[in-house]
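Contents: one structure, followed by commentary.
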Amino acid sequence: VSSPDPGLSRRQILGRAGAVGAVLAVGGGAFGAGRLTAADHDEVTGQVAFHGPHQAGIVTPQQDHLLFATYDLLDTSRADLAKVLALWTAAAERLTAGRPVAGDLPDASPPADTGEAGELDASRLTLTFGIGAGALERVGLGSRRPPQLVDPPHFPGDALRPERSGGDLCVQACADDPQVAFHAVRNLTRIGRGIVAARWSQAGFLGKPGGGTTPRNLMGFRDGSNNLDPSDAARMDRNVWAAAGDGARWMAGGSYLVVRAIDIRIEAWDRTPLAEQESIFGRHRANGAPLGATAEHDPVDVGKAGADAHIVLANPRAAGSEDERILRRGYNMADGVDQSFGQLRAGLFFLAYQRDPRRQFVPIQTRLAQNDGLNEYIAHRGSAVFAVLPGVRPGGTLGGALLA
Ligand code: HEM
């Protein structure tokens, strides 16, 4: 560290020294270095630790921006899958530390890193990687396919588009700066060239109010009020993390991600009276309180919220509901204009982590697809399920246990 800037506070200087130690520790193979943890970040460098028993970006407090990208494998070779995962591991270690990707050649060659994150810090970047069922089959690892890794059935109202669905591999890039997220995905895509081709991607954003207040979706309601608490480790073990005995040992510490690109007819919604909007969700718009209650986190009275309210269909609060609960980590999306109607395109990019989509997402969505009043205003246009790989130990590789 060069001579400290006199404008830096003592805490910042100490933090900076700690950050340098942490970066060295990544290369040196230490585990759990400094004050970096999977769920937290370094206040000075903006780094979220890449290494750990679980990948970062799942229980990590949500960043402001998302760029989600999926890829198709170009070939059916297991060696190629191993190669791209090894290259992505090395790149992700650097990118999440706020560093450019490695490998600069002499000046006559194109630079290894594309450069647009130059002076930007890590911005809490997390890169979370998953693999789809098709990829396992294609590279001859079908016998290792976890029973949980299956496409959901067709639900009433589904209007899925292939160009927003599926994929052999995915990366969820989240950062507080959208350019940092883009830079990461761009460079991962570039590094994977020849082995994978980008299939589809989706950007998302989340306007986060101060003081930890629940953010709102584009229908104007607080979204996440009764989400699972990602800092509750016992709850994550029960509902989110795959265990060794779940059917695929290589997935221990991983999770299953269900992705749904849900378009929202915001113009129709904006013509709907407030009382009707509130009865559809079962919560008040102003402060997110359940209908019939006064504060956001008051218990839900199913009778007052209404049996067909979104929050009751999504969580009936009956026997078995606790095991069904999912960790939602979605983002708002808005993208251009629907030319045929002259309306803004907007939606919710639904991302949910869970231990078994067959017992969690599928029963929830089965009830919602049948009876949710929201269905009049939304359309599910994209869908994908990924096995999100277990975390990487220093010196290890993404998918190490799968490919061993
Ligand atoms: C555009 C689509 C959707 C919108 C706008 C939406 C919005 C909301 C809102 C405002 C809440 C209440 C606050 C909260 O607890 O988070 C909520 C709760 C919830 N939603 Fe959705 N949601 C959508 C789709 C879905 C889907 C597809 C699922 C899962 C299949 C889902 C599952 C849940 C769950 C589990 C809860 C918590 C219920 C509780 O425990 O009280 N939502 N959603």
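For ligands, and for the atoms within them, numbers begin at 1 and follow the listed sequence. Only this structure's heavy atoms are used, side chains among them; waters, hydrogens and symmetry mates stay out.
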Exercise for the section: Using modelled atom types only, decide if a donor and an acceptor are shared between the side chain of Arg260 and the backbone of Ser383 within a distance under 3.5 Å. Expected result: no
Handout entry: salt bridge (Lys or Arg N to Asp or Glu O under 4.0 Å) against Arg358, all qualifying residues, sequence neighbours excluded
Key = Asp356
Practice task
Starting from atom 41 (O) of ligand 1, find the nearest protein heavy-atom neighbour and note its residue, name and distance.
Solution key: Arg317 NH2, 2.5 Å
Problem - Arg190 atom CZ, over 12 foreign heavy atoms within 6.0 Å - result: yes
Fill in the blank from the handout: So the atoms of ligand 1 within less than 4.0 Å of a heavy atom of Ile311 turn out to be 12 (C), 38 (C), 39 (C), 41 (O)
Exercise for the section: Only counting residues at least two apart or in another chain, list the ones meeting salt bridge (Lys or Arg N to Asp or Glu O under 4.0 Å) with Asp72. Expected result: Arg199
Exercise for the section: Return the residue, atom name and 0.1 Å-rounded distance of the protein heavy atom closest to atom 14 (C) of ligand 1. Expected result: Ser225 N, 3.2 Å
Exercise for the section: Have a look at ligand 1 and work out which part of Arg260, if any, has a heavy atom under 4.0 Å from it: side chain, backbone, both or neither. Expected result: neither
Exercise for the section: Please write down residue, atom name and distance for the protein heavy atom closest to atom 17 (C) of ligand 1. Expected result: His310 CD2, 3.4 Å
Exercise for the section: Over 60° means perpendicular and under 30° means parallel, so classify the ring planes of Phe361 and Phe350, tilted if in between. Expected result: tilted
Handout entry: Shortest protein contact, atom 28 (C) of ligand 1 (heavy atom only)
Key = Phe350 CE1, 3.3 Å
Handout entry: Identity and separation of the nearest protein heavy atom to atom 33 (C) of ligand 1
Key = Ala314 CB, 3.6 Å
